[in-house]
Amino acid sequence: MYAELILPLALSGQYHYRVPEQGIFAEQQLLSGMRVVVSFGAKRFYTGIVRRLSPTPPEGVDERHIKPIESILDQKPLVTEAEFALWEWVAHYYHASLGQVMRLALPTGLLPESQTLVTLCPEYQSDRPLEPKALELLDALAQTKGQTLTMEQLRHRLGYDCSRVFDLLYNLGAVQTEERLKTRYKPRVKVYVALSTDYRSTDALSRAEELLSRAPKQLEMLGRWLILAEERGIGLEGCIAREELAQHSPRDLILIRALVGRGIFVLQHLAESRIAPHEDPPPITEIGKAEELTHPVSLVYTRYSREREEQIIGQVAQKIREGYQVLLLSPSAASFPAQAQFISELTRAALGKIYHYHPLINEAKRTELYLHLTSSEEACLVMGTRQAIFLPMRRLGLIIVDQEQEYLYKQQHSAPLFHARDVALWLGHKHSIPILLSSETPSAEAIFNVLRGKYALLAKSQPEATEQPHALAFDLKTIDLVEQREQGRMPYGASISPALREAMEGALRAGKRILLLQNRRGYAPYALCDACGGRIGCPHCNVSLAYHSSQRCMQCHYCGYEQPLPVACPSCGTRSVVYRRTERPALRLVGYGVERVEEEIKELFDQAEVLRIDSESLQSNKRIQELHQRIEAGNVDIIVGTQLIKGQPIWDNIGLIAVVQLDTILAYPDFRSEERAYQLLMQLLLHTSEASGGESSCQLLLQTARPEHPFIEMLKRRDYKSFIKQQLSLRQMLRFAPFWRMTYIRLKGTDESVVESIAQAFAELLIQRLGADRVSDAQEPYVARIDNQHIREIVCRRPFSESFHHEREAFAAAEQELTSLYPLAKRVRIIFDIDPL
DNA sequence: AGCACGCCGACT
DNA sequence: GTCGGCGTGCTC
């Protein structure tokens, strides 16, 4: 037999292995969907999944090159045909390899790989002097117990790349290596104590009592076991956890061991679930009957998040009662702590059967949930982030995509660049599972599909139905930054205008809290030289370094590069300049990040308690908890934050929301920037209004250099739907999504001229196949170099009503022709970003 | 992705 | 002359 495998790599070809007939393979039947371990390449071992089996060898491969399968990891198939179909669709649609999709779909705990173990050869005698680095390496090994380290551990201990020295020692025979599969997941094992089979009767037990007549402590322990078994009604066949029986006493552990020695007790090692819902069954509460989902896709478009949550809870309860599984996707796990109330209500709706699957859940738990789902069809609710769309839920009755407009549903940076909402829509279509999208500010795509009758709008959820005109009573004003500067009212280096300052003072006097939005991380986005006019850029990317005061360093937001703020300008060497007869540093921090705004606020309002919310303050679970403690303490007066504020529980008693620089939000070079800005501001307004029970008297102030921007006029109307309709007609004219399905093809390489010429050639090949009206020229993107990779971009468009197959075939064919025509194409990576955000 | 092999510049 | 960097090709 031969098996075609999916290997967790970015390879497009197919790889076959021989199924041995000896050993375990004779007893256990290998089936499609099982995991196997195979050797791949010179050294490594990988976990592969059997895609299909065949009695005949693959065509076009020399049989002598086919390696045997090393071992089988599963008793029964882990992956079903339905899941393969999903993986294959994702791979095809997003132009990625099946292996990349498999890596994404399975938790890493289920994909063990080999690691290299390095051992000291004991018989090695050094007959010539070795260089210090080699001695250091041997020393590190000699000091380890077993004289063995993994390659990573070795590298870590030495603190430098030791491959050269290692090769030297390997060739001398001083060290040897071995590839060992590293187990990434181990079940948690708990030890239980049971009566051995000889003593599971009353007769036998009285014999045991006689036997123990001179060991009263052991007899007492046996008695304790019997009492506990009696209490639990588990009978003589049952078992009791050893830690319970021993009650943390070391002496009791010795007694248990003695009874095992006498053959009265036996120890059983049983795997213990890490994910079992441990809460007591929740009290039955009345949850209203959910509105029936009559369409394949429905949109819950509510005004307030509470209404949205109620709809979701109702739908979950309904499906769980019907015995189905429900998947609830959220854009990010960072907002879960703030949604504790919602989650506890969901837990009740799911009758306690709720599981979590997101990056804050550890690997072992994620692995156990995956395994649990492959073997159980119990009705349950799974809450997760985008990767959870690949969970093997086999009795799925509903997928909910909460806050469907959020960009976090789209995977960035690593293939496949999938969008979890769109994958959910495909799954729903394929298996006739209803899809519920929910939002207070739906994406233009969702509204487009409602308008053309593809999605149903849940009747109870429409804001229009309940909304009074201008019920969102916000006093919206703009502050003209140019005017404030010209009037000399803005002090140099300030981001808060006097007008905003007065409004803030007013809000504080009225005992209200203030929310300031500045959508820029760090302290200052640029450092400019007053002598030469240059700016400090990242050495690896074509962007400026931003200054972060918290870490006191310049940071690149694209590649993560860090350096201290230089004393002298790196391009002209000037240290200081004289300005109005005073000397000051030549390098000047320019622009306003959220940290700088925070500093300015603290100076202006030294009595106020200021809280900053940005990616740094939401970095870890611990920092999130600290943040929530400060919020709950209730004495925060002013909150300064980036867009991340919208997931945090900060909406009580807000009297003023101010956007420090509206222009930085709108100027983002993307056709969706206005949509995003409107959604963000609208959500701030809605959350504030909701927290005040709709009686808010909140002010919204926009600082801008362009008060005449049409966006502001649209925002003043507070009519989200008409704003989106207007955006849609613009996009139709400009041939953007959702009228046209777009693909950004990014070409990356180290040599700029090679990337440029290959990109042009590729655009040409695509134009030949798809036509000049569908394919753009190769263009320099907004950031043309990241991490020393030069980038060019080609934009492809296809009408939304046209199938993607022709386009994908053209992509593949053009790629092939490119590599055959241009040898230089090997030096360029091509990335397909399908439906980019 | 990760490894081996081969070419070419830097330093002994 | 050797070392070591990096570009290139291959993996059933």
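A note on names: the letters A, B, ... follow the listed sequences, proteins ahead of strands, and every chain is numbered from 1. In this text, all values refer to a predicted model and were calculated from it rather than measured experimentally.
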Separation of B/dG2 atom C1' from A/Glu113 atom CD, nearest Å, is 10 Å
Rounded distance in Å - CG (A/Asn788) to P (C/dC6): 11 Å
Residue set satisfying ring-ring contact (aromatic ring centres under 6.0 Å, His included) with A/His65, at least two apart, ordered chain then number -> none
Could you pull out all residues at least two apart from A/His790 that satisfy ring-ring contact (aromatic ring centres under 6.0 Å, His included)? none
With sugar-phosphate meaning primed atoms plus P, OP1 and OP2, does A/Tyr46 contact a base, only sugar-phosphate, or nothing at under 4.0 Å between heavy atoms? sugar-phosphate
Can you list the residues that meet the side-chain hydrogen bond (donor to acceptor under 3.5 Å, both in side chains) rule with A/Thr56, with sequence neighbours excluded? A/Ser54
Rounded to whole Å, how long is the line connecting atom CD1 of A/Ile6 with atom P of B/dA1? 18 Å
All side-chain contact (heavy atoms from CB on, under 4.5 Å) counterparts of A/Ser776, not counting sequence neighbours: A/Gln779, A/Ile794, A/Val795
Thinking salt bridges, do A/Arg386 and A/Glu406 make one under a 4.0 Å N-O criterion? no
Using a cut-off of less than 4.0 Å, is there contact between a side-chain N or O of A/Lys826 and OP1 or OP2 of C/dG7? no
For A/Asp670, check side-chain hydrogen bond (donor to acceptor under 3.5 Å, both in side chains) against everything at least two apart and list the hits. none
Listing time: all N or O pairs from protein to nucleotides 10-12 of chain C that are below 3.5 Å?
residue : atom : partner : partner atom : Å
C/dT11  : O3'  : A/Gly41 : N            : 3.3
C/dC12  : OP1  : A/Tyr17 : OH           : 3.3
C/dC12  : OP2  : A/Lys67 : NZ           : 2.8
C/dC12  : O3'  : A/His16 : O            : 2.5
C/dC12  : O3'  : A/Lys67 : N            : 2.8
C/dC12  : O2   : A/His16 : N            : 3.2
C/dC12  : O2   : A/His16 : ND1          : 3.4

